[in-house]
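All of these numbers come straight from a predicted model, not from anything done at the bench. Both counts, for ligands and for their atoms, begin at 1 and track the order of listing.
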Amino acid sequence: MNTEFQGKNIVLIGFMGAGKTSLGKTVSKMLGIPYLDTDNLIEDAEGMTVSEIFARKGEAYFRQKETALLGDLSKREGSYVLSVGGGLPLREENRPLLHETGCVIYLKVGIDTLQRRLEKDTKRPLLHQGEGTLREKISRILKAREPLYMEAADVVIVNDHKPFRLAAQEIADLYCASAEG
Ligand code: S3P
């Protein structure tokens, strides 16, 4: 794994329900820097929710928007905390862009925790299509993605049973380390 931090921003990657948004918002407050979220930015630009974009324009369209947005964000001035959609690191061209954008932190969460957190989800189209139970879907998608998350990550934080504040502090400390380094 690459442990050389290449930027000043914090970039959170990981599966749906890994805690990217809640931790990202908290860390941005702790550090006093803005919080950005690719899903929110795409929703604002398109005037639709992610589910609506998937339904009306298709997943491929959404993935193009993610890549274009990440290209813009990688050039943005000033420090920020960025959460990216769970599928963004899958595109090969996005992984170097993630590294250019900042210190890439993979929030790694096990299937039991993911299943619990995603049980009542209504906003993630990938969990509401295809065959099988929720657990089977999570398991299938996670298995395919895990190596790519690992490949994209500078740092892995296991976010299963860790107290929220502790995980947030770990991430904030990394920002300080990457800013100093
Ligand atoms: C997706 C994750 C979602 C969102 C879209 C697709 C994925 O974001 O981008 O529903 O492919 O894992 P979160 O990871 O913030 O839920």
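Below 3.5 Å of separation, one finds no N or O of Gly17 facing any N or O of ligand 1.
Ser74 places no side-chain N or O within 3.5 Å of a backbone atom of Leu97 that could act as its donor or acceptor partner.
Of the protein's heavy atoms, Asp39 OD2, 2.7 Å lies nearest to atom 8 (O) of ligand 1. Among all non-hydrogen protein atoms, the one lying nearest atom 12 (O) of ligand 1 is Arg145 NH1, 2.7 Å. Nearest protein neighbour of atom 14 (O) of ligand 1, counting heavy atoms only, is Lys20 NZ, 2.7 Å. Of the protein's non-hydrogen atoms, Gly87 N, 3.3 Å is the one closest to atom 7 (C) of ligand 1. For atom 16 (O) of ligand 1, the closest heavy atom belonging to the protein is Arg124 NE, 2.8 Å. Remark: minimum distance from atom 5 (C) of ligand 1 to any protein heavy atom is reached at Val50 CG1, 3.7 Å.
Checking Thr101 against Asn9 by side-chain atom types alone, no donor-acceptor pair falls below 3.5 Å. Glu151 and Tyr106 are not linked by any side-chain donor-acceptor pair at a separation below 3.5 angstrom, with hydrogens and angles left out of the test. Defined by atom type and a distance below 3.5 Å, a donor-acceptor pair is present between the side-chain atoms of Thr67 and Asn94.
Residue contact check for ligand 1: Glu59 places no non-hydrogen atom closer than 4.0 Å to it. Put simply, part of Arg63 is less than 4.0 Å from ligand 1, judged by heavy atoms.
Short contacts between ligand 1 and Pro125, defined as distances under 4.0 Å to a heavy atom of the residue, involve ligand atoms 10 (O). Shown in contact with Phe62 at under 4.0 Å from a heavy atom are these atoms of ligand 1, numbered in order with element: 9 (O). Near Leu126, meaning under 4.0 Å from any of its heavy atoms, are these atoms of ligand 1: 7 (C), 11 (O).
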Open item on the list: salt bridge (charged side-chain N to carboxylate O under 4.0 Å, His left out), that's the test. Do Asp160 and Lys108 meet it? Break it down for me.
Closed with: CA-CA 7 Å; Asp160 261 308; Lys108 186 172 161 63; over 6 Å; no
Open item on the list: Would Arg91 and Glu66 count as a salt bridge (charged side-chain N to carboxylate O under 4.0 Å, His left out) here? Give the steps.
Closed with: CA-CA 10 Å; Arg91 264 200 181 188; Glu66 280 188 320; over 6 Å; no
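In this structure, the side chains of Lys65 and Glu43 stay at 4.5 Å or more apart for every pair of heavy atoms.
Screening residues 19-59 for ring pair (Phe, Tyr, Trp, His ring centres under 6.0 Å) gives Phe54-Phe62 as the qualifying pairs, with residues at least two apart or on separate chains.
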